[in-house]
Undergrad: 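Dumping the structure here so I can ask a few things about it.
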Amino acid sequence: MKTVIQTGQAPAAIGPYSQAIRKGGMLFVSGQLGIDPATGNFAGEDVKEQAVQAFRNIRAILSEAGYTMADIVKTTVFLADMADFAGVNEIYAAQFEGDFPARSAVAVRTLPKNGRVEIEIVAVK
């Protein structure tokens, strides 16, 4: 059986999808933009500000599901511009203690709402 995870501490889905799905010990978190759930706006124009907020959103969803950042085993980072890779990488590295999860990073033509970065994760207990 799968369980839908939903929290008001992260932005509501902007389409027909769930913030996250838990199946067994696995948690699949949909891509998180740098949107502040309190305002519905991006945390800032800067890619680093958006990356920090994306991780705040991820942490809120993880917490709602009973997981932590240490449970993340895989991330995918989507960038609107690969020139932002170094800046996002700096924010990314500061989010984890110990071993880093596996990761893919790709540049895409555009992101929803013209965001600069979107991050999705898979966590396992």
Side-chain angles (χ1 to χ4, degrees):
M1 183 169 108
K2 69 181 181 181
T3 303
V4 174
I5 305 299
Q6 176 72 32
T7 178
Q9 300 302 307
I14 56 175
Y17 60 90
S18 300
Q19 285 178 334
I21 296 290
R22 182 175 50 225
K23 176 85 172 167
M26 299 184 74
L27 182 70
F28 301 88
V29 177
S30 295
Q32 295 298 303
L33 296 166
I35 295 175
D36 181 336
T39 66
N41 297 319
F42 284 105
E45 293 296 319
D46 182 75
V47 72
K48 289 183 180 181
E49 294 171 311
Q50 290 187 22
V52 166
Q53 184 63 51
F55 275 110
R56 283 187 190 125
N57 298 339
I58 288 166
R59 286 178 191 277
I61 295 167
L62 286 167
S63 178
E64 182 70 22
Y67 289 70
T68 70
M69 294 291 287
D71 297 318
I72 297 175
V73 296
K74 173 70 168 82
T75 66
T76 305
V77 178
F78 301 95
L79 298 164
D81 185 344
M82 194 54 84
D84 289 333
F85 180 82
V88 170
N89 209 40
E90 178 184 324
I91 299 304
Y92 182 96
Q95 305 303 310
F96 300 95
E97 295 179 16
D99 296 330
F100 292 105
R103 178 181 79 179
S104 300
V106 295
V108 296
R109 184 170 179 170
T110 57
L111 288 167
K113 295 190 165 197
N114 292 316
R116 305 223 12 220
V117 61
E118 181 175 5
I119 303 167
E120 69 179 22
I121 65 101
V122 177
V124 178
K125 280 213 177 246

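For clarity, every value in this text was computed on a predicted model and none was experimentally measured.
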Undergrad: For Gln9, check side-chain contact (heavy atoms from CB on, under 4.5 Å) against everything at least two apart and list the hits.
TA: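 Gln9 satisfies side-chain contact (heavy atoms from CB on, under 4.5 Å) with Thr7, Ala60 once adjacent residues are dropped.
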Undergrad: If Ile, Leu, Val, Met, Phe, Trp and Tyr residues are connected whenever their side-chain heavy atoms lie under 4.5 Å apart, and connections chain through other members, are Phe55 and Leu79 in the same group?
TA: yes
Undergrad: Show every salt bridge (charged side-chain N to carboxylate O under 4.0 Å, His left out) that has at least one partner inside residues 99-120, sequence neighbours left out.
TA: Asp84-Arg116
Undergrad: Does Ile72 belong to the same Ile/Leu/Val/Met/Phe/Trp/Tyr cluster as Phe100, with side-chain heavy atoms less than 4.5 Å apart forming each link?
TA: yes
Undergrad: Mind checking whether Val117 and Ile58 sit in one hydrophobic cluster, side chains of I, L, V, M, F, W, Y counted as touching below 4.5 Å?
TA: yes
Undergrad: Any side-chain heavy-atom pair from Gln50 and Leu33 closer than 4.5 angstrom?
TA: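 SC-SC contact between Gln50 and Leu33 ruled out.
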Undergrad: With sequence neighbours left out, what residues match Arg22 under side-chain contact (heavy atoms from CB on, under 4.5 Å)?
TA: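 By the side-chain contact (heavy atoms from CB on, under 4.5 Å) rule, Arg22 matches Thr3, Ile5, Leu27, Ala65, Tyr67.
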Undergrad: To the nearest 0.5 Å, what is the distance between CD1 on Ile121 and CG on Asp71?
TA: 9.0 Å
Undergrad: Got a sec, which pairs hit salt bridge (charged side-chain N to carboxylate O under 4.0 Å, His left out) with one end in residues 28-55, sequence neighbours left out?
TA: Lys48-Glu90
Undergrad: Check whether Phe96 and Ile61 end up in the same hydrophobic cluster, where Ile, Leu, Val, Met, Phe, Trp and Tyr are linked by side-chain heavy atoms less than 4.5 Å apart.
TA: yes
Undergrad: Please find the pair of heavy atoms, one from Ser18 and one from Ser30, that lie closest to each other, and give the distance.
TA: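 That closest heavy-atom pairing would be O-OG, 2.6 Å.
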Undergrad: Residues two or more places apart in sequence or in another chain: which of them pass side-chain hydrogen bond (donor to acceptor under 3.5 Å, both in side chains) with Thr75?
TA: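 So Thr75 forms a side-chain hydrogen bond (donor to acceptor under 3.5 Å, both in side chains) with Tyr92.
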Undergrad: Return the set of residues passing salt bridge (charged side-chain N to carboxylate O under 4.0 Å, His left out) with Lys74 (not counting sequence neighbours), or none when no residue passes.
TA: none
Undergrad: For the pair Ile119 and Phe78, evaluate side-chain contact (heavy atoms from CB on, under 4.5 Å) and give the outcome as yes or no after the intermediate values.
TA: CA-CA 6 Å; Ile119 303 167; Phe78 301 95; over 6 Å; no
Undergrad: For Val4, which fellow cluster members are found when Ile, Leu, Val, Met, Phe, Trp and Tyr are connected by side-chain heavy-atom distances below 4.5 angstrom, either directly or through intermediates?
TA: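 Same cluster as Val4: Ile21.
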Undergrad: Does Gly24 offer a backbone N or O that forms a donor-acceptor pair with the side chain of Lys125 under 3.5 Å?
TA: no
Undergrad: Of all the heavy-atom pairs spanning Gly115 and Ala80, show the shortest one and how long it is.
TA: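 Shortest heavy-atom contact: O-CB, 3.6 Å.
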Undergrad: For Phe42 and Pro112, work out which heavy atoms get closest and say how close.
TA: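 Smallest heavy-atom distance, with atoms named: CZ-O, 4.1 Å.
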Undergrad: Does any pair with a residue in residues 51-62 pass side chain to side chain donor-acceptor pair (under 3.5 Å), and if so which ones, sequence neighbours excluded?
TA: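 Sorted pair list: Gln53-Arg56, Gln53-Asn57, Arg59-Gln95.
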Undergrad: Test of understanding: clusters of I, L, V, M, F, W, Y form through side-chain heavy atoms closer than 4.5 Å, transitively. Do Met69 and Met26 belong to the same one?
TA: no
Undergrad: Would you please name every residue forming a side-chain contact (heavy atoms from CB on, under 4.5 Å) with Ala105, sequence neighbours left out?
TA: Val77, Phe85
